[in-house]
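First up is the structure itself, then whatever we jot down about it.
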Amino acid sequence: MGAAGPVADAPAGAGAPGRAVRTYLDHLTVEKGLAANTLSSYRRDLRRYLGFLDARGTTSLDAVTESTVSDFLVALREGDADPPPLGASSAARTVVAVRGFHKFALADGLATHDPAAAVRPPTPAKRLPKALPLSDVEAILEAAGAAGTTLALRDRALLEVLYGTGARISEAVGLDVDDVSTDPVTEESTVLLRGKGGKERIVPLGSYACEALDAYLVRGRPELVASGSAATAARAHGAVFLNARGGRLSRQSAWTVLVRTAERAGVTRDVSPHTLRHSFATHLLDGGADVRVVQELLGHASVTTTQVYTLVTVDNLREVFAAAHPRARG
């Protein structure tokens with residue numbers, strides 16, 4: 001399977017796959033409003049598909065058959081020198097992109113049939129999310145604010161928000177000051193999180209996260225704003241979490257904050273922002289939360305996605321039972 005070039009270099013004749021892919025990507029951007037990261041994945045996967053079609057001399061969508069798409073799936077899994085074989089998850093994602101493209105092409109009159117309709121992506125092995133023990137989470141949160149500096153205030157607030165709301169890293173660094181609100185009657189605080197595909201959800205902010213965020217917004221953030229230029233402050237657009245130059249904190253920098261804090265806390269497990277999200281969900285379910293509530297808090301479109309965390313809690317229950325029950329073992 002040859003490497004694919006840019007979509008713009010693909011044939012642009014009537015019915016040509018390259019032009020149809022460009023139309024499909026425009027559709028996903030304008031009409032579907034997909035997130036930038038999702039669009040990037042679709043673009044990469046469809047470039048790979050165009051490279052495969054080009055290597056077979058396929059210049060028309062109507063020349064693509066079910067066997068063509070099936071052969072593409074086989075090529076993804078077997079690979080060659082460039083690119084290497086893909087795992088089941090990556091191959092499944094690529095096939096989903098191809099299926100969506102052909103379905104669109106038929107509906108939009110760019111092709112007379114859908115050759116991918118019957119091709120099923122491989123089923124990835126179910127990977128259980130890895131959550132941290134509560135003691136590790138607490139150690140990380142304590143270590144974040146230990147220095148007492150302006151950046152320590154920010155780091156503690158950032159990590160408290162990540163664990164306290166189950167936010168994705170992109171949702172946390174995308175927070176603006178106006179997204180944090182407190183009910184004047186109940187004095188309960190919430191944050192507005194913007195998830196995948198522009199979907200929004202309101203999540204409660206617990207007392208620890210509230211205290212850390214208040215301390216940062218009152219004492220830390222003003223200093224970071226003052227450390228940057230007026231132009232930098234304007235570009236930050238009222239962002240909650242700022243870097244040392246007064247600009248909006250990036251995902252990469254937020255990731256680094258967590259990894260370095262975990263090292264200082266002596267946590268030896270692999271830690272990422274998603275680990276805190278996994279821990280948030282697992283600890284809620286361990287505490288008796290309903291899976292549907294956890295689904296809403298995480299912003300999952302389907303409860304099936306959330307139910308994977310229930311498998312983790314069942315494993316925890318088995319371990320506790322085996323260790324504690326007098327007749328658990330013979």
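Keep in mind that this is a model prediction, so the values were computed, not measured.
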#### Entry: Close side-chain approach of N243 to L224, heavy-atom, < 4.5 Å
no
### Query
Do any N or O atoms from the side chain of H283 and from the backbone of S279 form a donor-acceptor pair under 3.5 angstrom?
yes
### Task
Verify the neighbour count for atom CZ of R264: are there more than 12 heavy atoms of other residues, nucleotides or ligands below 6.0 Å?
yes
### Query
Parallel, tilted or perpendicular: which describes the rings of H27 and Y24, with under 30° parallel and over 60° perpendicular?
parallel
### Task
Answer yes or no: is there an ion pair linking D114 with R99, defined by an N-O contact shorter than 4.0 Å?
no
### Query
Any side-chain heavy-atom pair from T149 and L153 closer than 4.5 angstrom?
no
### Message
side-chain contact (heavy atoms from CB on, under 4.5 Å) for T190 and V203? Distances and angles first, verdict last.
### Response
CA-CA 5 Å; T190 59; V203 178; over 6 Å; no
### Query
Charged N to carboxylate O below 4.0 Å: is that the case for R156 and E160?
yes
### Query
Is there a chain of hydrophobic side chains (I, L, V, M, F, W, Y, each step under 4.5 Å between heavy atoms) that links L134 to L285?
yes
### Message
Surrounding CZ of R44 (heavy atoms of other residues, nucleotides or ligands, distance under 6.0 Å), is the total greater than 12?
### Response
yes
### Summary
Rounding to 0.5 Å, atoms CD (E211) and CG (L205) come to a distance of 10.5 Å
### Query
Are the aromatic rings of Y216 and F241 close, with centres under 6.0 Å apart?
yes
### Query
Is the shortest distance from a Lys or Arg side-chain nitrogen in D45 or R93 to a carboxylate oxygen in the other one below 4.0 Å?
yes
### CG/D290: more than 12 non-hydrogen atoms of other groups inside 6.0 Å
yes
### Message
Do F72 and L53 make a side-chain contact, defined as non-hydrogen atoms from C-beta onward lying under 4.5 Å apart?
### Response
no
### Task
Determine whether the aromatic ring centres of Y49 and H102 lie less than 6.0 Å apart.
yes
### Side chain S40, main chain A36, donor-acceptor under 3.5 Å
no
### Query
Checking T261 side chain against V257 main chain: does a donor-acceptor pair fall under 3.5 Å?
yes
### Query
Where do R277 and L298 land on the side-chain contact (heavy atoms from CB on, under 4.5 Å) test, with the steps shown first?
CA-CA 8 Å; R277 182 169 160 87; L298 291 175; 3.6 Å; yes
### Query
Does L297 offer a backbone N or O that forms a donor-acceptor pair with the side chain of R201 under 3.5 Å?
yes
### Query
Does G228 offer a backbone N or O that forms a donor-acceptor pair with the side chain of T232 under 3.5 Å?
no
### Query
Is D176 salt-bridged to R248, going by a charged N under 4.0 Å from an acidic O?
yes
### Query
To the nearest 0.5 Å, what is the distance between CZ (R251) and OG1 (T256)?
12.5 Å
#### Entry: Working for side-chain contact (heavy atoms from CB on, under 4.5 Å), residues V177 and R221
CA-CA 10 Å; V177 174; R221 188 178 181 279; 3.8 Å; yes
### Task
Answer whether the closest heavy-atom distance between the side chains of K130 and D270 falls below 4.5 Å.
no
### Message
Does L175 form a side-chain contact (heavy atoms from CB on, under 4.5 Å) with L193? I'd like the steps, not just the answer.
### Response
CA-CA 7 Å; L175 277 174; L193 299 176; 4.0 Å; yes
### Message
Regarding D155 and R260, does a basic nitrogen lie under 4.0 Å from an acidic carboxylate oxygen?
### Response
no
